[in-house]
Every structure is written in structure tokens, then in C-alpha cells.
Amino acid sequence: MSSIRDRIENWVPRTKVGRLVKEGRITSLEELFAEGYRIVEPEMADVLVKNLQEEVIAIKLVQRQTDAGEKTSFRAVVAVGNEDGVIGLGSGKARHIRVAIDKAALDARKNLTIVRRGCGSWECGCGQPHSLPFKVEGKCGAVRIVLLPGPRGLGLVAGETGKIILRLAGIKDCWVRAYGPTRTVPSYAYAMFDALKKTYEMVVPEDWA
Ligand SMILES: [Zn+2]
């Protein structure tokens, strides 16, 4: 796959909303969502969000019996984020690891969410967006994740996968409680993504003003 810069430069949008983004008539993710659009072409993500970074969260070997014998493929889960309030998670399957990762990275771009940050920690009260504004919960299958706002300087009290996702989202301090089969990395990652997404979807009293 060519570099992202090449891809954006050579990008020919196939959709109306893709053209609006390419022509600079929609310039932010907030605006896109407020207009009721979704990211339907992965290139839109890189145009709307600067400095998207990628991290491979999980790679799993998948073996399947067929008439011709055993078929091997890989399933990858990739997170993308700008370390500043935007996170995405995606998965991809292919015969080769590199292709599975690229597919997952493109899928993650189409699955971006804005993360509402804040200082919801009663011990802190600094008002800076270093943590979460309130407690949120997310689920994927039997895995349940609870994210709790933490005071400044706490760091990310989470497992390795949790730390990667929270860092990409731009969260510096929080506690993570995980329940269920939390060693299932893709489910853990999707449950955390679900929780982060809820910070944006939840309507809080300040929004009414
Ligand atoms: Zn604080």
C-alpha cells in the first residue's frame, strides 16, 4: 500500500460526501457527524483528522478445513487515533498478515469516533481534559469495560491493550475495570472502543445550553 499522503493526493471520491470532504466543504469530524454523515471512504478520515496513527492491537491465525485441505488466514485488529480526542477501531481478514493489517487499518478509519474528554475526577477538579468527563461503560460479547475518571498524574491504570487505545484517544489518566473473558484481546478492544464512543453519544446537561 502506498503512503497515506500519496493515497490522499490520488484519491478520487466515489461518493457525494467524499467529494464534500475532498473539496473542503466539510472540514472536521464534528461537522461531518453534525450533518448526519458517516465516513464511507477511509481517505476521508485522513483529510478530516490530522496525524492519525496506527497501532496493531491483535493478530490471530485462523485455520479452516476445506475440501482442498487446510486454509490459513489472519485476522487483524488495528486502532487508529490522533492522541487528541479521536479514536477508531477496525478489523480485517486476509491470507497474508500485511494485507490483513492494511484492511483493518482502513476499516478503523471508517469507524472513527470523537472522544469527549474532561476532568471528571472529584479528587482532581482541575477542569483540564486529561481524563474522562464521567464514568462510561462499554461492551463487546461477554466483555464489559468500565472507564473511571482519574486525577492528574495517575496515568493509565489498564492492561497493555487498554493503554494503547487510551493513549491514541488522548486520555492521560483513568482507571479501567474489565469483566468477563478479558484475555480475548479483540473483544476487550471493542468493549473499550464502545465505552469511549459513549462519551460522545451521551448527552450531558451542558449540551442543552
Ligand atoms: Zn483534573
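Start at 1 and go down the list; that is how both ligands and their atoms are numbered.
Heavy-atom contacts from other residues, nucleotides or ligands closer than 6.0 Å to NZ of Lys50 number more than 12. Lys139 NZ: 12 or fewer foreign heavy atoms inside a 6.0 Å radius.
Using a 4.0 Å cut-off between charged nitrogen and carboxylate oxygen, Arg167 and Glu55 count as a salt-bridge pair. A salt bridge does not link Arg19 with Glu41: none of the charged nitrogens is closer than 4.0 Å to a carboxylate oxygen.
Residue pairs meeting the salt bridge (charged side-chain N to carboxylate O under 4.0 Å, His left out) criterion with at least one member in residues 59-82: none, sequence neighbours excluded.
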Ile171 and Leu147: CA distance, side-chain angles, deciding distance, side chain to side chain contact (heavy atoms under 4.5 Å, CB included) verdict
CA-CA 11 Å; Ile171 299 202; Leu147 303 178; 5.8 Å; no
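Within the protein, the number of N, O or S atoms lying under 2.8 Å from the Zn ion (ligand 1) is 4.
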